[in-house]
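These values consider heavy atoms only, across backbone and side chains, with no hydrogens, waters or symmetry-generated copies. Each chain gets a letter, A, B and so on, in the order the sequences are listed, and its residues count up from 1.
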Amino acid sequence: MTLDQRRAAELAPSRAVAALRSAAPLAVGLGLALALHLGLDASDLPFHTKVLVDVGINVILAVSLTMVNGFTGQFSVGHAAFMAVGGYTAGALTYYSSLLLWDSGDQHGGFLGAGEWLFVGSCIVGGLVAAAAGYVVGLPSLRLRGDYLAIVTLGFGEIVRVILQQTGNVKFTADEVREAGFLDTATSLGGALGFTGVPTYSSIFWVYAFVAITLLVAHRLKFSTYGRAFLSIREDEIAAEAMGVRTTRYKVLAFVLAAGFAGIAGGMFAHQSGATLNPRELGFQKSFDVVTMVVLGGMGSISGAVAAAAILTILPELLRDLPHVWPAGVLVLALGLAFGGPKRARFALWTVGVTAAIEAIRFGARRLGVNLADYRLIFYALSLILMMILRPQGIFGVREAWEIGPIGRILARRARRAAP
Amino acid sequence: MSDALLQVDAISKSFGGLRAVTEFTLRLAPGDLQGLIGPNGAGKTTVFNLLTGVYTPTAGTISLAGRRLSGLRPHRIAQAGMARTFQNIRLFGDLSVLDNVRVACHLRVNRGVLSAILRSGGSIGEERAITERARSLLRIFNLLDREAEDARSLPYGDQRRLEIARAIATEPRVLLLDEPAAGMNPQEKIELRELIRKVRRDFGLTVLLIEHDMGVVMDCCEKITVLDHGVTIAHGTPERIQSDSKVIEAYLGAPASDLPPRAGGGR
């Protein structure tokens, strides 16, 4: 028995409309990435560009981990390991190919030139290798319930780190590479010192092009019958299985997809300007950073993961030179009072309190000549604690940004009217 | 009887030394509505768990329309046409009422995950067909105007009905209901009886019902099986069950002959 296919065919849009609806969001995403790239290029803000690249990479990581920890409710704490697998694969591929092809490990060609396409291809290969690693790790461990996955992924992260630390020195010339052969070259990844010399290709355009693809895939997955099957596993695995959901298969599928996107993010990370691919930087600390983003955003909320990734990446930079926060406080207060629910009075009080406290600290530090940047990690931790007190379910809870508040109410009303 | 839709042959289940179910046998012909009763801990829910593949029977076979089910994973059994509700409600609490039913339509989907990611025309068509079907089920169960609410925010009786709607969305041939009347008020119980009869008629279902509420069981079921300590102690029409001495003993804890005549005699 299958779904009434004749009815499904009747309800399907025409071929042309379907093709347009399938491709248009990606075109818009790539267009926005290009606009951002050109805009930043023209305005010459290297520091802002660097932070935005970081934000993009972290968005890919957080949204992909949302597929596992948020959608299917499994608990993976080894996301950085897949990032490392993808990053080292992509980095080595670009670097050594550049040596062989162009006799130099430096950037080759301009915007959309040959070098950039090599980089994109390497990142995709890195993603595929990471996805394969995800399959190998996920298949045995996702059959089990509970905390086993957390233990296995933690262990996998450590294994990857230790293996990478054992690799040989990076080769510097094409002759060295030719002489050493494939296997030796493939294991010359810099060891504990890190993989230096990977050419810089991670521009705003490419990072945000992959951000667009990641968001599109995550969104379409979540709001499809497959996404609902994923979410049902998070809600109640036994009931999901009883309703015919192939729980093990979908847990593995989500895990493989997430690992693949983490691998691509790793590729972007490897080709970043001024970044050294270092085993320790892609250790469990990084994994926990990503988990923090997912939890802060709200379990299963894509927009929440995006917001949390952006906030947690920008916040430490912002704390280097704390700006005035009262304009933001006033804005939040106004929005909260206008659209807030029954707890708006409490919310307003907290907003006023926190804003006043930050301004007081800022004022005090200025008067006493204390450099707040030295204490920024304390403030970072404090803000996480505050967030957990004020909104333990994460920024958007299990919903998306547009599903809550006044927009959500309007959308729900429209959906109800559309119902037959 | 070769015309049985669901045939259960002498299934047993032991947990270590505990024999939860011993040689349970049952035949359901197409369109049957049978009851499964017994005191607390008699093994009724264990039988459901065996039928739906949550547990694998230690011995015996289960077959649905001639196809052997014992040993299959629960999702395969659901696919073969057996759906259930749960005694302690297991809805997808954070999902909307509509999504709870739509999840259960998933097993009948043809398009692959790549089609969903590309959002192809075919997957959009299927998606709309799923939504249409889910809404038509919610209308039957009087839940349509609550479709956007979280399942966990529904009143108890509505949650029970949503569980039945979700089970039916899997397009089953056999429906297993585990204490659907538990926690319902008298009015809701009357409506539930009507609903069970109605869905059985409209969807051509064969139903097996676990229920503690004797009013519901005696009124709905054509035949009843009684379990006690995992052993089938009686099987027959409601009238026969009500006057069966072993059943009375199992429920009241004393042989019927020892009891004063009024309690022992059938009502």
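- Contact count versus chain A (heavy atoms, under 4.5 Å) is highest, among G122(B), G112(B), S136(B), A169(B), for G112(B).
- For chain B, the nearby parts of V245(A) are the backbone and the side chain; heavy atoms of each come within less than 4.5 Å.
- At least one side-chain heavy atom of E126(B) sits under 4.5 Å from a side-chain heavy atom of Q5(A).
- Annotation: side chain of L11(A) is not in contact with side chain of E127(B) (no heavy-atom distance under 4.5 Å).
- Contact of the F92(B) side chain with the D236(A) side chain is registered, since non-hydrogen atoms from C-beta on lie closer than 4.5 Å.
- Heavy atoms of R246(A) lying under 4.5 Å from chain B belong to its backbone as well as its side chain.
- Heavy atoms of A23(A) lying under 4.5 Å from chain B are absent altogether.
- At least one side-chain heavy atom of R73(B) sits under 4.5 Å from a side-chain heavy atom of T248(A).
- Proximity to chain A involves both the backbone and the side chain of A116(B), based on heavy atoms less than 4.5 angstrom apart.
- In this structure the side chain of Y226(A) reaches within 4.5 angstrom of the side chain of V109(B), judged on heavy atoms.
- In this structure, no portion of A9(A) lies under 4.5 Å from any heavy atom of chain B.
- Top candidate by heavy-atom pairs under 4.5 Å with chain B, chosen from T247(A), L221(A), I238(A), is I238(A).
- Interface residue Y250(A): only side-chain heavy atoms are found under 4.5 Å from chain B.
- For chain B, the option among A18(A), G300(A), S224(A) with the highest count of heavy-atom pairs below 4.5 Å is S224(A).
- Counting heavy-atom pairs closer than 4.5 Å to chain B, the top-ranked of the candidates A240(A), A19(A), G397(A), A218(A) is A240(A).
- Within 6.0 Å of CZ in R143(A) there are 12 or fewer heavy atoms belonging to other residues, nucleotides or ligands.
- Counting heavy atoms from C-beta on, the side chains of L95(B) and E235(A) come closer than 4.5 Å.
- Within 6.0 Å of atom OH in Y135(A), 12 or fewer heavy atoms from other residues, nucleotides or ligands are found, so the atom counts as exposed in its surroundings.
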Side chain to side chain contact (heavy atoms under 4.5 Å, CB included), that's the test. Do I130(B) and R228(A) meet it? Break it down for me.
CA-CA 12 Å; I130(B) 288 172; R228(A) 286 191 295 270; 4.2 Å; yes

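- In this structure, chain B has no heavy atom under 4.5 Å from any part of L26(A).
- Taking the side chain as every heavy atom from C-beta outward, M243(A) and V101(B) never approach each other to under 4.5 Å.
- The main-chain N or O of H106(B) is never found under 3.5 Å from a side-chain atom of T225(A) such that the two would form a donor-acceptor pair.
- Of all the listed residues (P13(A), S14(A), A229(A)), the one sharing the greatest number of non-hydrogen pairs under 4.5 Å with chain B is P13(A).
- Annotation: residues 46-53 of chain B contacts chain A through no residue [non-hydrogen atoms, separation under 4.5 Å].
- With respect to chain B, the highest number of heavy-atom pairs below 4.5 Å among A12(A), G227(A), P25(A) belongs to A12(A).
- Of the residues considered (R76(B), R102(B), M82(B)), R102(B) shows the highest number of contacts with chain A, using heavy-atom pairs under 4.5 Å.
- Heavy atoms of other residues, nucleotides or ligands lying less than 6.0 angstrom from CZ of F203(B) number more than 12.
- Of all non-hydrogen atoms in L107(B) and G244(A), the two that sit nearest each other are CB-O, 3.8 Å.
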